[in-house]
Amino acid sequence: MAITDDVLVVGGGLAACTAALSAAETGARVRLLAHKKSTLRQASGLVDVLGYAGGDGPFAEPYDGLDALSDDHPYHVVGEDGIRDGLRLFDEAVGDAYQGGHTDANALVMTHGGTMKPTARYPESVAPGLASSSGDMLLVGFESLTDFDAPVAADHLAAANVPFSVRGVTVEFPKSFRSDAKVTRFAKALDRDESVSGGTVRSDLADAIAAELDGETRVGFPAMLGDDHDDEVRDELADRLGVPVFEVPTGPPSLLGLKLEDMLFDALDEAGVRISTGNPAVDFETEDGRIETVIVDQKHRMTPYEADQIVLATGGLVGKGLDSDREHITEPVFGCHVPHPEDRYDWSEPEAFGDHAFARFGVVPDDELRPTDEDGAVQFENLRAAGGVVGGADVAREKSASGVSLATGAVAGRLAGEEATQ
Amino acid sequence: MNKSPSVLVIGGGSTGTGIARDLAMRGLDVTLVEKGNLTHGTTGRMHGLLHSGGRYAVSDQASAKECIVENRVLRRIAGHCVEMTGGLFVQRPEDSDEYFEKKLAGCRECGIPAEVLSAEEAREIEPYLATDIKRAIKVPDGAVDPFRLCVSNAASAVEHGARVETHSEVTDVLVEDGEVVGVEVTHQSGTGPYVHGKPGEVEEIYADYVVNATGAWAGQIGDLAGVDVEVRPSKGVMTIMNTRQVDTVVNRCRPKGDADIIVPHETTCILGTTDEEVEDPEDYPEEGWEVDLMIETLSELVPMLEDARTIRSFWGVRPLYEPPGTGTEDPTDITREFFLLDHADRDDLPGMTSIVGGKLTTYRMMAEKISDHVCEKLDVEAECRTADEPLPGSEDFSVLRDYMEDFGLRSPIGRRSVQRLGSRADDVLNSIDPNPVVCECEAVTRAEIHDALDTAGTDLNSVRIQTRASMGNCQGAICCHRMANELAPEYDEDIVRSSLDDLYQERWKGERHAMWGEQLSQSALKHMLHATTMNRDEDPAASDDALDFAAFDDGNQSEGGSASDGSSGGAVADGGRVSTADDTGGADGDN
């Protein structure tokens with residue numbers, strides 16, 4: 001017998017979670033169908049909405065840049081209200097764990113590369129380190145973590161004329177690990193406050209940094225200050241140092257991204273969303289232009305999932321919501337139309353940071369976020385798309401990845417929920 | 001005692017570095033100049049095949065015989081650059097029996113060990129060979145790392161007193177009284193290792209003899225000296241796979257043709273190649289159909305290649321040459337022999353010899369012959385020792401032991417490091433503590449990066465070719481900036497940034513040829529990490545426009561709006577702000 005819900009959300013990342021939360025708000029019975037780990041573990045954990053468009057930026061407020069986006073940008077489908085709705089859902093889902101909701105303005109958050117990035121919401125552990133706030137800064141890196149070089153990052157920030165002085169030091173972590181240990185191992189040592197000769201990891205680390213402090217009023221670390229007990233780790237370090245400590249977002253494996261994923265799934269549980277993970281949607285059945293059933297491959301047992309409305313939020317090229325071969329870009333679950341240049345050499349530009357066509361690849365939504373075919377006709381009456389699988393946004397250059405996911409997720413989820421429950 | 005005669009070698013490929021080593025070992029005063037990195041021209045752009053000679057056993061037996069001799073020499077003197085994979089010539093049902101027999105007979109005539117395998121036996125060695133293959137010939141082909149080989153030759157030359165200048169282009173050949181007496185060199189960033197931002201410098205280098213070992217560029221040096229060297233550059237594509245679909249060199253057993261070889265190379269396989277004459281060795285089209293041809297044709301031998309992931313493609317230019325008047329039309333018919341052109345005999349211009357043609361497997365033999373010729377010209381009597389004396393890194397194989405214990409490195413990091421460093425592993429890996437991994441795909445640690453930096457200056461592409469860092473599946477997505485970070489504190493942040501930009505762009509260039517399927521997904525991730533996460537494409541530090549920091553969120557929630565008055569007053573408020581974050585959390589929730 002088929003599993004039946006009002007709304008079935010296919011995908012497990014930021015857009016899928018937002019769509020599920022949004023649909024649940026309408027009173028619909030919602031199921032999230034996530035195949036594998038989302039790309040959040042690769043993401044910084046920052047929530048950007050819009051930083052650059054049409055050659056301008058960084059925008060002090062994301063809404064300043066909307067007019068500069070091309071007409072087919074998903075933000076123009078959902079409008080400013082859609083963006084605000086997405087942020088509202090996000091703020092409610094994560095609560096105090098994120099900040100930035102007190103203002104429309106973007107914050108400038110420093111990155112592990114030493115640049116700054118315009119960002120709408122940021123984890124509370126990142127908040128004391130905003131580059132758009134003042135207070136002299138000491139950055140701390142570790143000999144054995146090559147991803148973040150504190151003196152280089154400090155000099156890089158200074159080169160952008162930040163309104164405070166910034167200095168970086170490299171210290172040895174109190175405990176040594178294997179040569180290929182990742183940040184997660186360092187975080188665990190801090191979580192457990194593992195003992196080392198003469199003390200513990202936290203106290204030894206604080207001592208090493210106290211010796212370096214020279215009047216700075218905040219101290220930054222790569223994002224590895226604990227995992228399960230991160231509040232405790234930060235509080236203890238801040239207490240011992242007498243100044244606030246903060247984290248600098250990093251690349252994969254990103255603890256901040258992983259924590260965000262956990263928070264979103266907790267919020268789904270709380271909202272009563274049913275969650276099925278670990279198996280891919282491999283096929284579907286239609287009737288009268290509607291998707292009736294999505295077939296899920298559960299260890300080679302084909303299981304039908306029925307729903308009145310469906311949201312496709314499987315991600316873009318990175319999340320494999322879009323697939324390709326040497327000739328075509330495809331959307332593998334429902335075969336939605338994805339326009340693209342014929343010659344694959346036109347998919348990318350020779351300049352590494354050029355205006356790559358691939359960055360905009362995705363399905364073409366109608367004004368209700370339903371994917372359309374090459375003639376502009378809606379492909380399936382009850383299918384909507386959200387997040388990276390939607391085309392038209394160059395989220396990397398715009399710094400809009402999270403915002404597009406939140407806004408399209410919120411709108412697609414709400415429309416699907418309303419439709420299913422009316 | 002008289003000063004040793006001086007020789008200037010132009011070209012830092014296998015031939016040039018081989019000649020520099022040979023002559024330096026014979027006691028001559030050698031200077032080598034290369035306009036890019038070592039291996040910059042053709043050497044760094046080949047498929048990495050250590051020929052058994054089998055490929056030439058029918059068409060060019062002179063070359064085949066040289067190959068098998070040098071194949072054995074290189075295994076001895078360059079063990080840490082060579083992997084003896086073995087090779088197969090595979091016959092498909094549509095390939096002629098007559099050619100198969102000719103190949104077998106040719107190998108035997110040339111002294112190349114050759115054994116006929118049934119289809120079943122061949123597939124036991126390489127399980128992914130097509131099920132319908134007919135049979136195969138097994139030969140001692142291998143894989144050679146051209147980068148490591150070249151760098152080791154240069155290092156050996158330096159040990160014997162040579163001067164090696166990279167990023168140093170010959171901008172004139174100095175001719176006095178009808179004789180070549182030296183060259184004018186433009187150092188891109190002064191003498192010594194390349195450093196970003198260091199001003200260029202022009203130097204005139206006089207020498208008793210000049211050797212033009214610039215391969216496909218030999219005609220350009222000839223032009224500077226006023227002589228014609230008619231090189232016929234011929235391009236070939238090579239496509240790199242994400243993994244080793246085969247562990248043996250797989251050749252198609254049929255007469256010359258495109259896309260007929262797969263060479264396992266380190267963590268990858270390289271598919272090759274094409275043979276098409278081009279006008280300019282630096283400016284020729286690199287086209288998708290060539291990549292498609294590799295995949296489609298070689299899938300006939302190894303069907304899984306059809307859907308396998310490629311990580312990039314690159315093109316190389318062969319320095320083909322034939323004596324004037326030969327008039328061969330198809331470049332695949334031009335001999336792979338090398339030619340020594342003494343411009344005294346040929347053009348009445350003493351003081352310079354050009355070397356053209358040839359191939360990497362026989363680089364040492366070519367270098368020996370040129371060095372003999374130079375010594376004869378300079379009246380030097382000295383024996384060549386390069387066939388017997390191992391290259392740095394290949395001296396002592398007792399290091400291939402318990403690297404896990406010795407270097408505190410887990411396998412496979414330890415194993416990979418020792419394979420690359422050979423007998424230098426002890427010195428290099430124990431030089432830095434802690435010694436974290438910088439490049440995860442290729443298991444390259446900080447110590448190895450710093451070892452390469454000794455000669456690379458700030459040129460991370462030089463570090464790349466020495467260590468393989470950033471050459472793996474992620475194509476530098478995870479490690480490009482880590483490699484750049486290793487330049488600090490010796491170099492300033494702006495140099496770190498420029499070096500990173502150069503490496504990142506170089507990686508992107510070749511990866512573009514693989515942007516579909518899995519690798520497009522990988523490239524998109526790389527783009528997201530560097531543009532989205534790090535905002536490197538819109539780096540405020542690289543912009544001339546001043547940022548209005550006060551217009552942005554300063555995190556001050558108590559003010560309930562956008563930033564306070566900015567300027568100096570903001571600093572005081574902010575000092576208090578930091579600790580208020582937790583206190584106002586409740587209020588935030590009420591919003």
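Source: prediction; values computed, not measured. Side chains are part of it too, since the values below use all heavy atoms of this structure and drop only hydrogens, waters and symmetry mates.
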With a 4.5 angstrom heavy-atom cut-off, could you sort out which part of [X] is near chain B: side chain, backbone, both or neither?
{"X": "A/S400", "value": "neither"}
{"X": "A/L322", "value": "neither"}
{"X": "A/V109", "value": "neither"}
{"X": "A/P249", "value": "neither"}
{"X": "A/E172", "value": "side chain"}
{"X": "A/Y345", "value": "both"}
{"X": "A/F59", "value": "backbone"}

Check whether any side-chain heavy atom of [X] sits under 4.5 Å from a side-chain heavy atom of [Y], and report yes or no.
{"X": "B/P489", "Y": "A/T170", "result": "no"}
{"X": "A/R344", "Y": "B/V291", "result": "yes"}
{"X": "B/I413", "Y": "A/S179", "result": "yes"}
{"X": "A/K117", "Y": "B/R536", "result": "no"}
{"X": "B/M515", "Y": "A/R326", "result": "no"}
{"X": "A/P118", "Y": "B/N535", "result": "yes"}
{"X": "B/L520", "Y": "A/I329", "result": "yes"}

[X], part contacting chain A, at a heavy-atom distance under 4.5 Å:
{"X": "B/P434", "answer": "side chain"}
{"X": "B/E486", "answer": "side chain"}
{"X": "B/L487", "answer": "neither"}

**Request:** Applying ring-ring contact (aromatic ring centres under 6.0 Å, His included), run through A/F353 and B/H530 and close with a yes or a no.
**Result:** CA-CA 9 Å; A/F353 291 122; B/H530 286 261; 7.1 Å; no
**Asked** Can B/H481 and A/D149 be said to form a side-chain hydrogen bond (donor to acceptor under 3.5 Å, both in side chains), step by step?
**Response** CA-CA 10 Å; B/H481 60 289; A/D149 186 294; over 6 Å; no
**Item:** Partner chain B: residue of A/V395, A/V162, A/D323, A/D48 with the largest heavy-atom pair count (under 4.5 Å)
**Value:** A/V162
**Asked** How many angstroms lie between CD in B/Q522 and CG in A/L317, if you round to the nearest 0.5 Å?
**Response** 12.0 Å
**Asked** For A/H156 and B/D494, does a side-chain donor sit closer than 3.5 Å to a side-chain acceptor?
**Response** no
**Side-chain donor-acceptor pair present, A/H102, B/N556, cut-off under 3.5 Å** = no
**Prompt:** Under the 3.5 angstrom rule, does the side chain of B/R446 hit a backbone N or O of A/E143 as a donor-acceptor pair?
**Reply:** yes
**Request:** With A/K399 as reference, evaluate B/T532, B/T533, B/D537 under the side-chain hydrogen bond (donor to acceptor under 3.5 Å, both in side chains) test and give the passing residue.
**Result:** B/D537
